[in-house]
Asker: 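Shown below is the structure under consideration.
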Amino acid sequence: MTEEQLAFLTRVTELPRMIGPDQGPDRTLLYGYDCDRATWHIYQKDGELHRVIYRPSDLDSRTKPEVHDHGPALDAETLSPNKRLYPEACDFDFCAKLKALGVHLSFTTYGTLFDRDRRHPFVGRTF
């Protein structure tokens, strides 16, 4: 290791742990809410990962979400809400990858999501 590399490692507290979509179909990967009651919808669409956070008042289709990050990969730490995830609306393989990266996933009781009809691949709003 060089002195410059040592200096870099000393300055950096933690490098982002990036995760991207898989080769499967477009679909919801995580769906839940945070302590402020904002809805979190993590999904893959068109080869990108999307993180959308919106409030119940944002459900009007003309309203932009509070947050909409997307790209070929996102920092895994930014994908799980700080309150709860609805397990029936989450993708098992994606959750397993997040757990392997050390991301905490806090699930609510199974079956509490009102819309249990999973015929459609997306549970929340998409953009």
Side-chain angles (χ1 to χ4, degrees):
M1 177 181 319
T2 67
E3 281 188 64
E4 292 81 20
Q5 291 169 328
L6 176 60
F8 173 79
L9 291 176
T10 304
R11 285 189 313 269
V12 173
T13 56
E14 186 175 321
L15 296 174
R17 293 171 285 187
M18 304 303 282
I19 190 170
D22 62 22
Q23 298 300 316
D26 293 349
R27 67 191 183 283
T28 292
L29 301 172
L30 295 176
Y31 188 75
Y33 58 96
D34 63 22
C35 291
D36 295 325
R37 303 298 295 164
T39 299
W40 286 53
H41 186 201
I42 312 304
Y43 62 92
Q44 68 178 42
K45 185 174 180 185
D46 299 328
E48 290 191 326
L49 203 58
H50 295 255
R51 179 175 73 119
V52 176
I53 302 172
Y54 55 89
R55 305 211 175 273
S57 59
D58 296 339
L59 290 177
D60 182 340
S61 62
R62 297 166 296 197
T63 305
K64 291 184 179 179
E66 186 174 313
V67 174
H68 181 202
D69 298 328
H70 60 94
L74 296 176
D75 182 352
E77 279 295 323
T78 67
L79 299 180
S80 183
N82 61 12
K83 185 68 174 172
R84 297 283 183 263
L85 290 165
Y86 294 104
E88 63 270 33
C90 295
D91 183 83
F92 173 78
D93 293 328
F94 190 74
C95 289
K97 289 177 187 175
L98 288 175
K99 290 291 278 187
L101 290 171
V103 175
H104 175 71
L105 302 174
S106 180
F107 293 104
T108 189
T109 306
Y110 195 92
T112 58
L113 185 63
F114 295 120
D115 181 12
R116 296 185 195 160
D117 182 6
R118 288 304 309 265
R119 287 179 286 164
H120 194 275
F122 296 106
V123 176
R125 288 183 68 193
T126 61
F127 296 87

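Not measured: the values here are computed from a predicted model.
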Asker: Which pair of heavy atoms, one from L79 and one from L49, lies closest together, and at what distance?
Answerer: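 Closest pair (atom of L79, atom of L49, distance): CD1-CD2, 4.0 Å.
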Asker: Measure the spacing between CG of L85 and OG of S80 and express it to the nearest 0.5 Å.
Answerer: 4.5 Å
Asker: With a 4.5 Å cut-off on side-chain heavy atoms, are T2 and Q5 touching?
Answerer: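 They are in side-chain contact.
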Asker: Just to verify, what does Y33 make a ring pair (Phe, Tyr, Trp, His ring centres under 6.0 Å) with, not counting sequence neighbours?
Answerer: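 Per chain and number, Y33 pairs via ring pair (Phe, Tyr, Trp, His ring centres under 6.0 Å) with Y86.
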Asker: Working to the nearest 0.5 angstrom, can you tell me the gap between R51 CZ and Y43 OH?
Answerer: 12.5 Å
Asker: Roughly how far, to the nearest 0.5 Å, is the CZ atom of R55 from the CZ atom of R37?
Answerer: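 The CZ atom of R37 sits 11.0 Å away from the CZ atom of R55.
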Asker: Please give me the minimum heavy-atom distance between R84 and S106, naming the atom from each residue.
Answerer: NH1-OG, 2.8 Å
Asker: Per the salt bridge (charged side-chain N to carboxylate O under 4.0 Å, His left out) rule, what does the pair list look like for residues 95-105, sequence neighbours excluded?
Answerer: none
Asker: Under a 4.0 Å N-O cut-off, is there an ion pair linking R27 with D22?
Answerer: yes
Asker: Taking C-beta and beyond as the side chain, do T39 and Y31 meet within less than 4.5 Å on heavy atoms?
Answerer: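 Contact flag for T39/Y31 side chains = yes.
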Asker: Hey, what do you get for CG (N82) to CG (D34), rounding to the nearest 0.5 Å?
Answerer: 5.0 Å
Asker: When rounded to the nearest 0.5 angstrom, what distance separates CG in D69 from CD in E48?
Answerer: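 Here the interatomic distance stands at 11.0 Å.
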Asker: With respect to L98, which candidate in D93, I42, V103 satisfies the side chain to side chain contact (heavy atoms under 4.5 Å, CB included) definition?
Answerer: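 Exactly one candidate clears the test, V103.
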Asker: Specify the closest pair of heavy atoms between G102 and E77, including all atoms of both residues, with the distance to one decimal.
Answerer: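 Minimum heavy-atom separation between G102 and E77: O-OE2, 3.9 Å.
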Asker: Go through the steps to decide whether L29 and C90 satisfy the test side chain to side chain contact (heavy atoms under 4.5 Å, CB included), and finish with yes or no.
Answerer: CA-CA 5 Å; L29 301 172; C90 295; over 6 Å; no
Asker: Is it true that L30 and M18 fall in one hydrophobic cluster, defined by side-chain heavy atoms closer than 4.5 Å?
Answerer: no
Asker: side-chain hydrogen bond (donor to acceptor under 3.5 Å, both in side chains) with H50: which of H70, K45, H68?
Answerer: H68
Asker: Working to the nearest 0.5 angstrom, can you tell me the gap between D26 CG and D46 CG?
Answerer: 5.5 Å
